[in-house]
Structures are given as structure tokens and as C-alpha cells.
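Since the structure comes first, as C-alpha cells, the remarks are kept for the end.
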Amino acid sequence: MSEVAQVGSLNLTTDVLVIGGGPAGTWAALTAAAKGVNVVLADKGYCGSSGATAPSGTGVWYVKPDEKLREEAKASRFLMGGQLAEHRWMDRVLDRTYENMNKLGVFGYPFPVDEQGNPHRRGLQGPEYMKLMRRLIKKAGVRILDHSPALELLADEHGVAGAAGVHKQSGKTWTVQAGSVVIATGGCAFLSKALGCNVLTGDGYLFAAEAGASLSGMEFSNAYAICPTFSSVTKTAFYSYASFYHEDGSIVEGASSKKGRSVLARHLLEGRQMFAKLDGAAEDLRPLLRVAQTNFFLPFDRLGIDPFTQAFPVTLRFEGTVRGTGGIHITNESCGTAVPGLYAAGDAATRELICGGFTGGGSHNAAWAMSSGSFAGEGAAAYTQSLGQYAARRSPVGCSSSTLIRQEMRPGAAAKTEEYISAVQDEVKPYQLNLFRTEQGLTSSLNRLDGLWKEQRNREIQRSPEGVKAREAEAMTATARWMYHSALARTETRGMHKREDYQVTDNSQHHRLISGGLDKIWVKTEAVNKERVLL
Amino acid sequence: MIEFISATKCIECNQCVTVCPTNVFERVDDGIPVIARQSDCQTCFMCELYCPVDAIYVAPSPDGLTGVTEEELTNQGLLGGYREKVGWGKGRTSVASHDFHYKLSARSIF
């Protein structure tokens, strides 16, 4: 712990601080503000363009409150997720998502209208959605700090009480003291340049762990998206219409978007380029697809390729926990954590509660972001209100595991950060380590990752934009260690977690894996809440 | 990756400096913004969408530059193409309200 909270160039005191300005963060801010508390939202980029949602289009798990439809919706990913989702949470999220999507219509989101004149609310266009969310939170009086990454949480013996960071464009530091904090920093895609994901470096996981919170489901962290080799656009849904080809034009047996991604990975591992063509989409469907996800077609249009008739080279781009389901462990219905005053929402939190160990990508994550954001916003507002007079009398200190300093870092520090980042990427990106997991591979990786952590946590890190990168490198290193320790502990195959040395699902491991710790990582099991058996 | 800001089109509104999530651009007094941290570009195309005069071009590949010129892109009609498809800009309708969304959802297999 740093000795005292650093005094920043910008010092604010507020009721609720939200870190992260994507869908979860903006819903948290909006919901907290509606409870009558003051809210500050800090985004490491620009609230409105930052994160995985803004540059994308996404489906939303929007299901009318009809018993049969709801049961089908809940069952859809339950088995694929290794039966780790919880009925009660799925109900809550479906209810809140339905409510919030209807609110978005009232707030001015331009949903399409069908022939009967009913709005169609099963999807959102990222740019439009996030522009609207920014407008709504500003109208609600939320103070937005753009380009303001956090460097650490602040806490006292009673719990979390704010955060400190730096404004990237001016280099000035900031401190926000708050009654409670919502972490909505997204997942961790390890700077793999998946669409919109380079701001998602696991910062919130590290902050939460430094404050004493734990993680859950970090073994479900090996999502890879099918992606053209010449593109950042990791939208996988349309590959349901794809056939996959070898260079000589012959079909790749067993390869498919849903169940055959491993087949693609094995060929790629052996150095064979894979090709895709969306030739399964009927001619009259193609214009519809072009409108539904404009960004999917952008790279093709720019290169003059027709993806419906011409084969193009594809790869699997790593998306880590962004489209995995692991994240900060949620311990109550307000998306609170084990640490008083600390809440988690969106991809920063575990999504096992609604999708188990199968990808939350697309509609489920979108639903989770707006629901968990709302739960956390309400919870954080109520917590701050419960503090009463005490809130103003706290003197919290910084929680960073590395010492944060004002002075410049040693010469060569920036280059060293780059080295750490690529060293971590070398452990988490390769299919042979992360997609096809083995005890031997995970153990040898962890040896190297533990060494990387030790080296980094002993560095002094400057409160500067350069220091932000150093903290990102630390966050990615810590994330990789929770991932692989959890993966090692789950000696079975379940959901997206695949062990080459344990290829079947073991009924005796139908539990969650909770992890935590920084210098020494621990993993323990926790029972899945069973109220009623589905199916 | 971000390729260029057109010096002939840019009106120095600095929207790109404001909205870039990874802070690639830098404001310049009495001039157009510069691409100060090109390697931080994550190829998310948000700067293009927010540029009111279609002065920015982001090439699809996140790794390395293509060297394409403004003249070539203008001839191919690619400058501002994404913003037009998304339906942002004066006199346009946001693609969010397009009826193809519900028509597709009635037929899609994903």
C-alpha cells in the first residue's frame, strides 16, 4: 500500500465513483444518479466511443415476460455453459434488461418498427447506443472525466473510498474520494486489437484484488474470435453462414463457427492458412446482413472483397475474458463484492451467473452490462447513503501493489513495459497453451508469469500516462495468473475451458472456482446456487 | 490502423482528439491535429464516424500501414463510406432504425 493517498491536481469528492464508461458504467451512473446521489464517472478513453460495445452492433437478450419464451431463453446456453448459470440471476437479468431496453426507447433510441407498428428491441447499434448513454448521464448530472484512467483504488479500514488516476492528455493526476466505487472497466483482451478491446486490459480485476476482492470463473477466459487476417473486426455471428476452405479450395472438415473453432485452431497451429466464405447465406439475405452489422463489411468493402462469393483468409483473434465469462466475484444481489463499498458490473464482473462457462459474447453480455450496471448503481448509491456523516471524515490510502511515485521512472522503463506486455501475450495468445490446455503447458506458463509478476510489482510506477501502461502490464500479468491457476485447478472440460488431459466433464466438479491473491495466488471451490433444476 | 487526416478537408474541430479511446491524436495550436501515437491505434473506426467532414481514413488492418493516398481513396469513393453506412451526418437516417434489423432477426440462424 502507498503510504498516503496522493493529492492530485484535480480533487473531487462525490457519493459514487464509476470507473469505466461503457454500457455497464453508464447504466451504473444513470441508475445511481436517479437515486439522488452525486456521481463521477472516469473513463480511460472517451465515454461514448470507448470499449467493446461502442464500435460494434450487438444483439440483446431481450425476451418478453412470457413464461414459455423465458424458459427457452434460459435453457439456450445452460448446457453449453456447463450448468453453471443460476436460475434466479437469469430471471433478474431478463427482467431488468426488458425494463431497460424499453426505457431506451423512451429515452430516444431509434429502434426499428415492424409491420404491426411495434418497436423491435432485440439489438443495439454501438455508436448510437453509447452516444445516447453519454447524453443521458450528462443530463442526469453525472460528471464525466474522459481520458482519465484510474491507477489505483483508495481504501481505509472500512472499505473502498475512491480512486486515483491520471488525465492522459494533460498528464495531470486526479483523485476522487467517494462513498462507494463501481468497477466497470470491462474484461481483458490482452491488447490483441480485437475490435474496440485495447482499452480492456483487466485493470479493474487488479484494482479489486488489491483491495481484497476475489475473482470467479477465471478459467473461462479463452475466447477466440474468427476474424479476417487483415482486420480487427471480431464479429463472429455471421460465420454461422460460412464454409471454411483450405488454400487449394477443398472444404475443411469439421470446421464451423459454433462447434468447430478448435478444428480451425489445429490447422492454424500446423501452419495451414484457413479461408472462409459466407456462401451459406441466401442471396436475398445478404442485403439484410449488410445493414445489421455495417462494421462487419467495412474491411471487405475497403479491400474490394465480396465475402459471400470470395474466400478470404481468416485467423482466430484472442478476446480473453471479454467474451469469456470470468471476472470479479459478485457476492450479493447488488453486484457487491467481498469488500465494503466496492461493486462490479459488466464484463469486469463474472458473467457465470447468466451464462455459466460458455461465452457471454453478444446478447448475454449486453444484457448483463445494462442489468448488472443498474444493480451496482443502486447498490452503490444505497451504500453511500448508509454511511451518512461518516463519509466525509475518511482519509483513505492507495491500494496499488507497486509503489506509485510522482517522479519520472528509470530510463528504459517504457521499453521494459513493452517487454512485459509481449511476454504476457506470448503466454495467453497461443492456442497450444490457452485453447488446448494441459497441466504441463499451464504449469510452465505459470512459472514464467510468476517471474514476470515479481519483477513488475517491485518497480516504482509513475503517476503518468507512461505509468498507466505499466499498470496495464501488471493487470494483464495478474489476470493471466488467475486464469491459469484456475484452469489448472479445473481438471475437466466444461464450457469453453478445454483440458487436453481431461477431456470430459466431471460431475464432481460442478462448482465455481474462486481465485484471488497477488504475490501468491489461491483458488478455492464454491457451490453453485441451486434452487431449482432446469430442463 | 489510422492512415491519415486530410489536410485539405480537416476543419480543425479536434473531434478526433476528443473521441479517440486510445488517445492517438494530439491537438495543435493553429493547425490540424497530428497522429502522435499511431501504434496505439486499435482500428475501431470511431474517429472516422465522429469526423464531420470525412477527413480521416482508417485502413482495415490493425498491423502496419498501407500507404494508400487520399487521391486513390477519393477515386474509389471510400472516404467517409463508413459514416454514410452508419447513417450519421446531416440529412441521413441512422442505420439503427433500419427495418432490415427485424427482418433479419425473423430469419437468422445465430
Side-chain angles (χ1 to χ4, degrees), chain A residues 43-46 48-51 54-55 57 59 109-114 120 122-125 127-129 146-147 168-169 191 193-199 228-233 237-238 240-241 257-258 280 285 287-292 294-295 297-304 362 465, chain B residues 1 3 15-27 36-37 39-50 57-64 66 68 73 76-79 81-88 93-110:
Chain A
D43 191 285
K44 81 197 285 192
Y46 174 81
S49 69
S50 221
Y109 184 89
F111 286 110
V113 178
D114 68 17
H120 174 80
R122 284 170 49 191
L124 289 164
Q125 294 294 308
E128 203 68 47
Y129 174 30
D146 291 309
H147 300 289
K168 279 177 92 172
Q169 294 184 327
L191 296 174
K193 295 195 175 172
L195 192 66
C197 290
N198 265 28
V199 289
T229 54
F230 48 79
S231 161
S232 58
V233 181
F238 287 1
S240 306
Y241 298 103
S257 164
K258 280 188 183 135
L285 195 65
L288 273 59
L289 293 170
R290 283 188 174 275
V291 163
T294 41
N295 63 0
F297 294 93
L298 174 64
F300 298 109
D301 292 346
R302 293 196 168 173
L303 293 175
Chain B
M1 188 180 273
E3 289 269 341
Q15 270 287 323
C16 52
V17 181
T18 302
V19 304
C20 173
T22 55
N23 199 30
V24 163
F25 306 95
E26 187 117 1
R27 187 186 292 263
R37 289 164 288 270
S39 61
D40 284 344
C41 173
Q42 60 170 350
T43 317
C44 69
F45 308 99
M46 294 308 289
C47 53
E48 267 197 54
L49 274 187
Y50 275 85
Y57 183 75
V58 178
S61 174
D63 312 302
T66 64
V68 70
L73 293 169
Q76 294 169 53
L78 287 177
L79 270 185
Y82 183 42
R83 196 163 71 99
E84 188 186 350
K85 287 217 162 72
V86 168
W88 279 16
T93 307
S94 167
V95 75
S97 62
H98 204 294
D99 62 3
F100 279 9
H101 289 294
Y102 75 81
K103 287 183 174 156
L104 176 66
S105 87
R107 292 184 56 185
S108 68
I109 56 168
F110 47 84

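To find a chain, count down the sequence lines: A is the first, B the second, and so on, and within it residues start at 1.
- Using a 4.5 Å cut-off between heavy atoms, B/Cys20 contacts chain A through its backbone alone, with no side-chain atom that close.
- Other residues, nucleotides and ligands contribute over 12 non-hydrogen atoms within 6.0 Å of the NZ atom of A/Lys168.
- With sequence neighbours excluded, the residues satisfying side chain to side chain donor-acceptor pair (under 3.5 Å) with A/Tyr46 are A/Arg134.
- Of the two parts of B/Leu49, only the side chain, counted from C-beta on, holds a non-hydrogen atom closer than 4.5 Å to a non-hydrogen atom of chain A.
- The contact between A/Arg302 and chain B is made by backbone and side chain atoms together, counting heavy-atom distances below 4.5 Å.
- In this pair, B/His98 and B/His101 present their aromatic rings perpendicular. The plane angle is above 60°, beyond the 30 to 60° band.
- Contact annotation for A/Asp114: both backbone and side-chain heavy atoms come within less than 4.5 Å of a heavy atom of chain B.
- For chain B, the nearby part of A/Val113 is the backbone; its heavy atoms alone come within less than 4.5 Å.
- For the set A/Leu303, A/Leu124, A/Asn295, A/Asp146, the count of heavy-atom pairs under 4.5 angstrom toward chain B peaks at A/Asn295.
- Ring-plane geometry between B/Tyr50 and B/Trp88 is classed as perpendicular, the angle between the planes exceeding 60 degrees on a 0 to 90 degree scale with a lower cut at 30.
- Looking only at atom types and distance, the side chain of B/Glu3 has a donor-acceptor partner in the side chain of B/Thr66 under 3.5 Å away.
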Exercise. Can you check salt bridge (charged side-chain N to carboxylate O under 4.0 Å, His left out) on A/Arg290 and A/Asp301, steps first, answer last?
Worked result: CA-CA 11 Å; A/Arg290 283 188 174 275; A/Asp301 292 346; 3.3 Å; yes

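- Neither the backbone nor the side chain of A/Asp43 comes within less than 4.5 Å of any heavy atom of chain B.
- Between chain B and the options A/Leu285, A/Thr229, A/Leu191, heavy-atom pairs under 4.5 Å are most frequent for A/Leu285.
- When heavy atoms are compared at a cutoff of 4.5 Å, B/Phe45 approaches chain A solely by way of its side chain, counted from C-beta outward.
- There is no side-chain donor-acceptor pair under 3.5 Å between B/Thr22 and B/Gln42.
- Contact annotation for A/Pro465: neither backbone nor side-chain heavy atoms come within less than 4.5 Å of a heavy atom of chain B.
- Partners of A/Tyr109 by side chain to side chain donor-acceptor pair (under 3.5 Å), not counting sequence neighbours: none found.
- Taking every heavy atom of both residues into account, B/Met1 and B/Pro62 meet most closely at CE-O, 3.4 Å.
- The residue among A/Gly45, A/Pro287, A/Ser49 with the most heavy atom pairs within less than 4.5 Å of chain B is A/Ser49.
- Heavy-atom pairs under 4.5 Å with chain A peak, among B/Asp99, B/Thr93, B/Leu73, B/Val17, at B/Val17.
- For the set A/Ser257, A/Ser50, A/Gly123, A/Ser231, the entry with the most heavy-atom pairs within less than 4.5 Å of chain B is A/Ser231.
- In this structure, chain A has a heavy atom under 4.5 Å from the side chain of B/Glu48, while its backbone stays farther away.
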